[in-house]
Undergrad: 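Take this structure, written in structure tokens, and hold onto it; I'll ask about it next.
Proteins come first, then strands; the chains are lettered A, B, ... in the order of their sequence lines, and each starts at number 1.
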Amino acid sequence: MKKILQQIFFDRPTLIIAQELLGKFLVRKSGKKEIAGMITETEAYIGLEDKASHASRGRTKRTEVMFGNPGYWYVYLVYGMYNCLNIVTERERYPAAILIRSVCLLPFHYDRQNMAVNGPGRVCKYFQVDKRFNKRPAELKTGLWIEDRGVRLNPKKIKKGKRVGVDYARSWKNKHWRFYLE
DNA sequence: TATTTGATTCTT
DNA sequence: AGAATCAAATAT
């Protein structure tokens, strides 16, 4: 069973979605080639108050997609080198998104050496995601979407921790808004 | 207009 | 521990 997650899935509380995305599949299709991997690590960035979120500094050309409708991709360049892939969540005008940090590749795609793709920069590199996908909807015709393939996780398998690389975010850096599988 | 800084990763 | 490398935020 394969079911593409629709926009309504993302129009809900971000912390719920960030956990539910674990076990879902990120799918990239260009031409006949399809790459798919199970999402194993996410981070939530929520609201104007969250000092770790780009949206906390207000609505800019870069962050406006976070203020828009849910179910859209937010792709940005960090450290001048790496792209980061996020899915926008919650209602229009409420800025929130989830960073996809790691995935686990299907056997068809890996050679044991690199079955895990750890780190947002590596996820984008492997799935050939760049700013072309920014502000585009997560759906089939975009060539990049998220699927439910029937994997059901025991909620106890979900680990929580502090978000990575946000030491500058004052008290918000201590929020346990990072979710991952062992 | 100039400087600083990152939701990172790779090399030394 | 440091480099790579640039868009956006902040300082001047």
Side-chain angles (χ1 to χ4, degrees), chain A residues 10 12-22 24 26 28 35 37-90 93-105 109-138 144-146 158-181:
Chain A
F10 300 101
R12 295 186 299 143
T14 305
L15 290 177
I16 301 291
I17 302 171
Q19 293 173 77
E20 289 187 4
L21 282 183
L22 299 177
K24 300 294 189 291
L26 178 66
R28 170 85 165 92
I35 306 169
M38 191 179 78
I39 298 169
T40 56
E41 184 181 5
T42 59
E43 271 178 7
Y45 292 86
I46 311 168
L48 285 166
E49 302 298 308
D50 179 5
K51 290 288 180 272
S53 171
H54 293 161
S56 69
R57 302 185 190 277
R59 188 170 183 150
T60 67
K61 184 138 191 169
R62 180 172 69 156
T63 62
E64 67 179 356
V65 63
M66 289 184 72
F67 290 78
N69 284 309
Y72 282 72
W73 296 116
Y74 169 39
V75 182
Y76 66 90
L77 187 68
V78 74
Y79 296 112
M81 294 189 127
Y82 298 103
N83 287 303
C84 288
L85 176 65
N86 306 250
I87 186 75
V88 174
T89 57
E90 313 231 16
R93 314 220 302 195
Y94 186 83
I98 296 166
L99 173 66
I100 297 175
R101 291 191 60 87
S102 301
V103 305
C104 187
L105 300 177
H109 296 293
Y110 65 76
D111 55 15
R112 195 170 186 81
Q113 289 266 329
N114 64 344
M115 60 178 283
V117 181
N118 296 315
R122 291 202 193 109
V123 168
C124 285
K125 191 176 172 192
Y126 194 90
F127 282 77
Q128 296 164 33
V129 169
D130 57 34
K131 295 192 77 168
R132 297 199 317 276
F133 291 97
N134 192 38
K135 299 183 184 177
R136 305 211 50 208
L144 185 66
W145 67 90
I146 300 175
I158 299 176
K159 307 291 180 188
K160 302 174 177 65
K162 292 181 184 178
R163 292 173 293 179
V164 175
V166 295
D167 287 347
Y168 58 87
R170 302 170 41 163
S171 67
W172 295 87
K173 75 182 182 188
N174 295 318
K175 297 278 183 191
H176 288 190
W177 287 356
R178 170 173 169 252
F179 304 96
Y180 57 100
L181 304 175

Undergrad: Going by heavy atoms in the side chains, are A/F10 and A/I146 under 4.5 Å from each other?
TA: yes
Undergrad: Any idea which of B/dT8, C/dA7, B/dT9 is nearest the A/V78 side chain?
TA: B/dT8
Undergrad: Give, for atom OG1 of A/T42 and atom CD1 of A/I17, the distance between the pair rounded to the nearest 0.5 Å.
TA: 10.5 Å
Undergrad: Say you pick atom P in C/dT5 and the same atom in B/dA2; how far apart are they, in whole Å?
TA: 22 Å
Undergrad: Just the rounded figure in Å: distance from C1' of C/dA9 to OH of A/Y76.
TA: 15 Å
Undergrad: Would you jot down, in residue-number order, the residues of residues 57-66 of chain A having a non-hydrogen atom under 4.0 Å from DNA chain C?
TA: A/R57, A/T60, A/R62
Undergrad: Could you state the atom-to-atom distance from OH of A/Y126 to P of B/dC10 in whole Å?
TA: 15 Å
Undergrad: To the nearest Å, give me how far apart CG (A/N86) and P (B/dT8) are.
TA: 11 Å
Undergrad: Checking side-chain polar atoms at under 3.5 Å, does A/T63 have a donor or acceptor matched by the opposite partner on A/T60?
TA: yes
Undergrad: Against A/W73, only a single residue in A/I87, A/V65, A/V88 fulfils side chain to side chain contact (heavy atoms under 4.5 Å, CB included); can you say which?
TA: A/I87
Undergrad: Would you mind reporting whether A/D50 and A/S56 have side-chain heavy atoms less than 4.5 Å apart?
TA: no
Undergrad: For the NZ atom on A/K51, are there more than 12 heavy atoms of other groups (residues, nucleotides or ligands in this structure) within a distance under 6.0 Å?
TA: yes
Undergrad: Nearest whole angstrom, please: distance from the P of B/dG6 to the NZ of A/K173.
TA: 12 Å
Undergrad: Please figure out whether A/K125 or A/H54 has its closest DNA chain B nucleotide nearer the 5' end.
TA: A/H54
Undergrad: Whole angstrom is fine here: how far is it from CG in A/L77 over to P in B/dT5?
TA: 18 Å
Undergrad: Can you check whether A/K162 reaches A/K173 side chain to side chain, under 4.5 Å on heavy atoms?
TA: no
Undergrad: What nucleotide, of C/dC6, C/dA4, B/dT8, holds the atom closest to the side chain of A/V164?
TA: B/dT8
Undergrad: Map A/K131 and A/Y79 onto DNA chain C by nearest heavy atom, then report which one ends up closer to the 5' terminus.
TA: A/Y79
Undergrad: Is the backbone of A/V75 close enough, under 3.5 Å, to the side chain of A/N134 for a donor and an acceptor to pair up by distance?
TA: yes
Undergrad: I want to verify a distance call: between C/dA4, B/dT9, C/dC6, whose nearest atom is closest to the A/M81 side chain?
TA: C/dA4
Undergrad: What is the distance, rounded to the nearest whole Å, between atom CG of A/D130 and atom P of B/dT8?
TA: 18 Å
Undergrad: Taking the six-membered ring of A/Y126 (Phe, Tyr or Trp), confirm whether the NZ or CZ of A/R122 is under 6.0 Å from its centre and within 45° of its axis.
TA: no
Undergrad: Return the stems involving DNA chain B, sorted by first number, where pairs are Watson-Crick (N1-N3 with N6-O4 or O6-N4) or G-U wobble (N1-O2 and O6-N3), both under 3.5 Å, and runs are 3 or more long.
TA: B:1-6 with C:6-11, B:8-11 with C:1-4
